[in-house]
Amino acid sequence: MATLRALKARQVLDSRGRPTVEVDAIADGGAVGRAIVPSGASTGRHEALELRDGDPGRYAGLGVGKAVENVRAAIAPAIAGMDLDDQAAIDAALLALDGTPNKSKLGANALLGVSMAVAHAAAAARGEELFVHVNRLWKGRAAGLDPAVPREPTMPLPMVNMISGGLHAGRNLDIQDVLFIPTGAESYSHALETIVAMYRAVGGVLKELGAESVLVGDEGGYGPKLENDEQALRVVVDAMLACGLTPGVDGHIALDVASTHFFDPATGSYRLSNVARPMDSAGMVDLLAGWVDRYPIISIEDGVAEDDWGGWKALTDRLGDRVQLIGDDLFVTQTARLERGVASGAANAVLIKVNQVGTLTETLDALVLARRAGFRPVVSARSGETEDATIADLAVGTAAGQIKIGSVARSERLAKYNRMLRIEEDLGPDARFAGRGTLP
Ligand code: PGA
Ligand code: ZN
């Protein structure tokens, strides 16, 4: 049994040049696990609190010195000596130390850095790959679930940002991500090759349109100026054709509408810059259903806003039997909100973002609940990322089936795609791949 000897923490920078927390967990035998915490831009209101210093003179108030200090002064002495393999006990200790419902005392960024670094150190102390260690945790947690729920390490099917809008690109598109899913792929590496071909093809289509396609958004997708959101869907369909794919057969579209950011809670209306008049939930559902009828869309995330439970129910009633409907801002990876969604028929899938909840164990809780309810989980990065690739191991180790990292540009994205190439090699020629079967 390896125990935790010490924690080190420091402030480093993420892919937007904003400070974030890095933690090293050191095992008694000297093994080291390191993790860096990601950060969102289109964050949900119900996410766990990301502690920032608020000192305008330093990093525009975005410094994380307090969170780093919390790791050093409050967390390290309290959990030193604990069994690194007992992730649940360590995470429970973190929650007890913080004691608030949204991790506002110590900061979810402090907690998550420790939680992930501990998992890395546990794996390192055993001389194991992280996904193997995560898989052991997952099998333990999945013990009571339906036998059909996947247990063995499985390469996920990626959904990949091609065109970025909303808060991630700052041009004129309301939809945050128009994504491509390589549904014809037979393996992860085959999927990745198709994705790269598609990324080039989308660039080519945008160039022909003269749409200033060279700029990329926070997640590496092209950030073009287009006439409207629907034109972005046509661009992705045209790129599929250019790649020799049959839209709706071996290539599909996914959307992250991220509609919370253009929803006005005061009037209950959705204000898209490309649609003349504000719409209510029913109008928003009609708009999305129209797109689903005309384009090969198989997945929609945050089609309506984070607290529009009625809109979510209407959307799910209308499209839930043919489209994966993912709650991101809606569920914020938290079981209490996910339980409400399951009970009320809102959504049929859940985005899994470690920093929305703040510990690995609670992330596994959300995965267990999703699987119990028959909701598909999609492990996801944030728009602010780093070279940390923990979520690649998380997706494989929990056999989540799908992963959303961003595009095949910008190294904070490629760190995860490349990590999964190494994992696939490790798993060998018989590596399981979630593939098309993971979708409706
Ligand atoms: P965020 O975007 O990290 O800025 O929240 C990702 C998403 O909305 O899925
Ligand atoms: Zn989202």
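Both counts, for ligands and for their atoms, begin at 1 and track the order of listing. Keep in mind it's a predicted model, so treat the numbers as computed, not measured.
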I need the atoms of ligand 1 closer than 4.0 Å to a non-hydrogen atom of [X], numbered in the order shown.
X	value
L351	9 (O)
E219	2 (O), 6 (C)
D256	7 (C), 8 (O), 9 (O)
G40	1 (P), 3 (O), 4 (O)
D328	7 (C), 8 (O), 9 (O)

Is R340 close enough and on-axis enough to W309, meaning under 6.0 Å and within 45°, for cation-pi?
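Yes, R340 and W309 form such a contact.
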Is a salt bridge present between [X] and [Y], judged by a nitrogen-to-oxygen distance below 4.0 Å?
X	Y	answer
D53	R58	no
E362	K103	yes
R45	E47	no
K8	E22	no

Between the main-chain N or O of V21 and the side-chain N or O of Q11, is there a donor-acceptor pair closer than 3.5 Å?
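Between the backbone of V21 and the side chain of Q11 there is no qualifying donor-acceptor contact (under 3.5 Å).
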Students should be able to answer this: which protein heavy-atom is nearest to [atom], and at what distance?
atom	value
atom 2 (O) of ligand 1	H168 CE1, 3.1 Å
atom 8 (O) of ligand 1	Q176 NE2, 2.8 Å
atom 9 (O) of ligand 1	K404 NZ, 2.7 Å

In this structure, are over 12 heavy atoms from other groups packed under 6.0 Å from K139 atom NZ?
yes
Might you confirm whether atom CZ of R322 has over 12 heavy atoms from other residues, nucleotides or ligands at distances under 6.0 Å?
yes
Does ligand 1 come near enough to R16 that some N or O of the ligand is less than 3.5 Å from an N or O of the residue?
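N/O-N/O distance under 3.5 Å: no.
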Would Y199 and Y222 count as a close aromatic pair, with their ring centres under 6.0 Å?
yes
For the atom pair CD (E219) and CD (E412), what is the distance rounded to the nearest 0.5 Å?
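Spacing of CD (E219) from CD (E412) equals 9.0 Å.
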Quick one: does D177 get within less than 4.0 Å of ligand 1, heavy atoms only?
no
Can you find a non-hydrogen atom of A258 under 4.0 Å from ligand 1?
no
Option with minimal heavy-atom separation from atom 7 (C) of ligand 1, where the choices are R382, Q356, K353
K353
Taking heavy atoms and a distance under 4.0 Å, where does D329 meet ligand 1: side chain, backbone, both or neither?
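No part of D329 comes within reach of ligand 1.
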Just give me the atom name: the N, O or S atom of [X] closest to the Zn ion (ligand 2).
X	value
E301	OE2
D328	OD2
D256	OD2

